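What follows is a short report on a single structure.
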Amino acid sequence: SARVSTLAVTQFGCFFKSFKQREQMKKSNSVDGTNSKDMFQSEHMRIVAIVAFYFVVSISMVFLNKFIMNYSAFEFPYPITITMFQVLVTILMCCIMASLGQRFDALNFIPPFEFHFDIAMKIMPLSVCTILMIVFNNLCLQYVEVSFYQVARSLTICFNVLFTFTMLGERTSTKALQACATREL
């Protein structure tokens, strides 16, 4: 269920300028007279809007997938086919949005579509893992209730922190650990 929401975060993530450019904007006043504090607050509002958009799309996709597989008139019991269709629609939407981004200034934060075979081969393992994650998410969703599915998804954050420490040897900040503990309580 995360395929469209991941697309949304990826596409809207392009909206942000590079870290260096953001730092420069914070230090200097902009041309139109707004100061760096206003720009900083505006950027935070964009982040809040993107996260809210992600939450809405993500939960909508979960309920839509559950409805299609279990409650609709045809009860489509093929989660792998649903995943394939949603991935194809995601690719199509990326191409359309990239095309529109070149034509309309309001959408110019969307980069043009480019394909490089050598880069594609380097990220193939990550792509396979992502597709498997989506397939298993849909398989899980087909057999369990949405509430249990959401609890299981929220636990992945704790496992990410644990595996980051055990496999990569990286420590997570105390604030991040407190946030995880608060979320799980």
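Along the sequence shown, residues are numbered consecutively beginning with 1. None of these values were measured; they are calculated from a predicted model.
- Residues V87 and I131 are in side-chain contact: their nearest non-hydrogen atoms beyond the backbone lie under 4.5 Å apart.
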Stepwise, does the side-chain contact (heavy atoms from CB on, under 4.5 Å) test hold for V135 with M84? CA-CA 9 Å; V135 167; M84 182 190 69; over 6 Å; no
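- F67 contributes atom CZ, which lies 13.5 Å from atom OG of S60 (distance to the nearest 0.5 angstrom).
- A donor and an acceptor atom, one from each side chain of Q86 and N65, are located under 3.5 Å apart.
- The distance from atom CE of M133 to atom CG of N138, rounded to the nearest 0.5 Å, is 10.0 Å.
- The main-chain N or O of V144 is found under 3.5 Å from a side-chain atom of K66 such that the two form a donor-acceptor pair.
- Rounded to the nearest 0.5 Å, atoms OG1 (T166) and CZ (F159) are 11.0 Å apart.
- In the hydrophobic clustering of this structure, L177 does not group with F165; members are Ile, Leu, Val, Met, Phe, Trp, Tyr whose side-chain heavy atoms approach within less than 4.5 Å, directly or through other members.
- A donor-acceptor contact shorter than 3.5 Å links the side chain of N70 to the backbone of Q142.
- The two residues F113 and A98 make their nearest non-hydrogen contact at N-CB, 3.6 Å.
- Closest heavy-atom contact between S154 and V151: OG-O, 2.8 Å.
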Do any side-chain atoms of residues 169-176 form donor-acceptor pairs under 3.5 angstrom with protein atoms, and if so which ones, sequence neighbours left out?
unit_1 : atom_1 : unit_2 : atom_2 : d
S173   : OG     : A176   : N      : 3.2

Checking side-chain contact (heavy atoms from CB on, under 4.5 Å) for the pair V62/V146: CA distance, chi angles, key distance, verdict? CA-CA 7 Å; V62 168; V146 172; 3.8 Å; yes
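- No chain of hydrophobic side-chain contacts below 4.5 Å, direct or via other Ile, Leu, Val, Met, Phe, Trp or Tyr residues, connects M61 to V56.
- Two residues are said to be in side-chain contact when any heavy atoms from C-beta on lie closer than 4.5 Å; F55 and I59 fail this criterion.
- No side-chain heavy atom of P77 sits under 4.5 Å from any side-chain heavy atom of M69.
- Residues M97 and F104 share a hydrophobic cluster, clusters being chains of Ile/Leu/Val/Met/Phe/Trp/Tyr side chains in contact below 4.5 Å.
- By the 4.5 Å heavy-atom criterion applied to side chains, T81 and F76 are counted as neighbours.
- At a threshold of 4.5 Å between side-chain heavy atoms, the hydrophobic network of Ile, Leu, Val, Met, Phe, Trp and Tyr places L139 and Y71 in two separate groups.
- Within the 4.5 Å cutoff, the side chain of Q150 has no heavy atoms near those of the S58 side chain.
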Return a table of donor-acceptor pairs under 3.5 angstrom between the side chains of residues 115-126 and protein atoms on other chains or two or more places apart.
unit_1 : atom_1 : unit_2 : atom_2 : d
H116   : NE2    : E114   : OE1    : 3.4

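- In the hydrophobic clustering of ILVMFWY residues, with side-chain heavy atoms under 4.5 Å counting as a link, Y143 and L132 come out apart.
- Side chains of N137 and L141 form no contact here, defined as non-hydrogen atoms less than 4.5 Å apart.
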